[in-house]
Amino acid sequence: MKARQTKPRAWQRMLSGRRLDLLDPSPLDIEIEDIAHGLARVARWNGQTLGDHPFSVAQHSVVVEEIVAHIQPALEPRWRLAALLHDAAEYVIGDMISPFKAALGLDYRQFEDRLENAIHVRFGLPARTPAPIKTLIKAADRACAFFEATQLAGFEHKEALTLFGAPPRGYHLAIEALSSSEAQERYLQRHHLLCEAAGYLGAASAFDSE
């Protein structure tokens, strides 16, 4: 007699109690507290950094949002929120280094895109970020990576310039990796402030009673 086959579980239970379908993520099952908690415990550079604490994706995201505002001081708050959330999908999938993402190929990208789209809708943003904003966020992301590489990950200055380019003029950053609890709190603070500035307070709590 053949054993009955069952589909593998494709959802994850979050600390909020939400069950997020990983293959078809719904905005209804996404909470900022889960995102902040997860990102504060995901290490950049696969944890290969100096210091008592890993440099978390939550802290990285706060810095990227700050750099975006430095590059374009008049940028609308909603796009600064998009910058803060640019790596939010990693609260589920973790922070894979770029070479590994490339090796995984298109299926991984589609999975990441679906999750990112659901996160954006959850917090009142367009599902797909406009190309000019994506380019701006990517520039800030690379600038942050330059500082991380040279201060935390053991890269020589010249090597980091080759890989990530020079950071924007007038912006300087001295990195000290925060504890997970500190990084989580800073991420949540920035999210709430940006949602308020963008007029998205309703979007940020619209599903709390569901």
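Quick note: numbers below take in every heavy atom, side chains included, and nothing from hydrogens, waters or symmetry partners.
Distance alone, capped at 3.5 Å, is enough to place a donor-acceptor pair between the H120 side chain and the P126 backbone.
For E66, the side chain to side chain donor-acceptor pair (under 3.5 Å) partners are Y171, not counting sequence neighbours. Every residue meeting the side chain to side chain donor-acceptor pair (under 3.5 Å) condition with D34, not counting sequence neighbours, appears here in chain and number order: S16. The side-chain contact (heavy atoms from CB on, under 4.5 Å) search around A40 returns A58, S180, A183, Q184, not counting sequence neighbours. Checked against side-chain contact (heavy atoms from CB on, under 4.5 Å), P54 has the following partners two or more places apart in sequence or in another chain: A43. Judged as a side-chain contact (heavy atoms from CB on, under 4.5 Å), and not counting sequence neighbours, the contacts of V92 are Q12, M14, L20, L22, L115. Qualifying side chain to side chain donor-acceptor pair (under 3.5 Å) partners for E185, counting only residues two or more places apart in sequence or in other chains: Q189.
Annotation: F147 is not in aromatic contact with H172 [ring centroid separation under 6.0 Å not met].
Between D29 and R19 there is no side-chain heavy-atom pair separated by less than 4.5 Å. The closest side-chain heavy-atom distance from V64 to L84 is not below 4.5 Å. Using a 4.5 Å heavy-atom cutoff, the side chains of D21 and S26 are not in contact. Contact annotation: the side chain of R190 never approaches that of R186 to less than 4.5 Å [non-hydrogen atoms, C-beta and beyond]. Side-chain contact between V57 and Y91: absent, with no pair of heavy atoms (C-beta onward) separated by less than 4.5 Å. Y187 has its side chain out of reach of Q59: every pair of non-hydrogen atoms, C-beta onward, lies at least 4.5 Å apart. In this structure, D24 and R114 have side chains that are not in contact, with every pair of non-hydrogen atoms separated by 4.5 Å or more. Between L136 and L75 the shortest side-chain heavy-atom distance falls below 4.5 Å.
The side chain to side chain donor-acceptor pair (under 3.5 Å) pairs that include a residue from residues 142-151 are R44-E148, W45-E148, H60-E148, where partners are two or more places apart or lie in different chains. Applying the salt bridge (charged side-chain N to carboxylate O under 4.0 Å, His left out) rule to pairs touching residues 54-63 yields nothing, sequence neighbours excluded. Residue pairs meeting the salt bridge (charged side-chain N to carboxylate O under 4.0 Å, His left out) criterion with at least one member in residues 171-183, sequence neighbours excluded, do not occur. Residue pairs satisfying the side chain to side chain donor-acceptor pair (under 3.5 Å) criterion with at least one member in residues 75-85, sequence neighbours excluded, are listed as follows: E65-R80, E76-R78.
To the nearest 0.5 Å, the span separating CG on N117 from CG on L125 amounts to 11.0 Å. Note that CD1 of I67 is 5.0 Å distant from SG of C144, once rounded to the nearest 0.5 Å. Note that OG of S179 and CG of D52 are 11.0 Å apart. Values are rounded to the nearest 0.5 Å. Rounding to the nearest 0.5 Å places OG of S56 at 11.0 Å from CD of E90. In this structure, CG on D87 lies 11.5 Å from CD1 on I35, to the nearest 0.5 angstrom.
For the pair A143 and P168, the tightest heavy-atom approach, listed with the atom from each and the gap, is CB-CD, 3.6 Å. In this structure, A89 and I119 approach most closely via the heavy-atom pair N-CD1, 3.7 Å.
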Show the atom names and distances, to 0.1 Å, of all donor-acceptor pairs under 3.5 Å that link a side chain in residues 157-166 to residues at least two apart or in another chain.
residue	atom	partner	partner atom	Å
T162	OG1	K158	O	3.1

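Hydrophobic clustering (side-chain heavy atoms under 4.5 Å, transitive across Ile, Leu, Val, Met, Phe, Trp, Tyr) groups F155 together with L173. I133 and V68 fall within the same hydrophobic cluster, defined by Ile, Leu, Val, Met, Phe, Trp and Tyr side-chain heavy atoms under 4.5 Å apart, directly or through other members.
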TODO: Apply side-chain contact (heavy atoms from CB on, under 4.5 Å) to C195 and L81, showing your working.
DONE: CA-CA 7 Å; C195 278; L81 178 61; 4.0 Å; yes
Open item on the list: Does E31 form a salt bridge (Lys or Arg N to Asp or Glu O under 4.0 Å) with R122? I'd like the steps, not just the answer.
Closed with: CA-CA 8 Å; E31 301 293 349; R122 172 65 173 88; 2.9 Å; yes
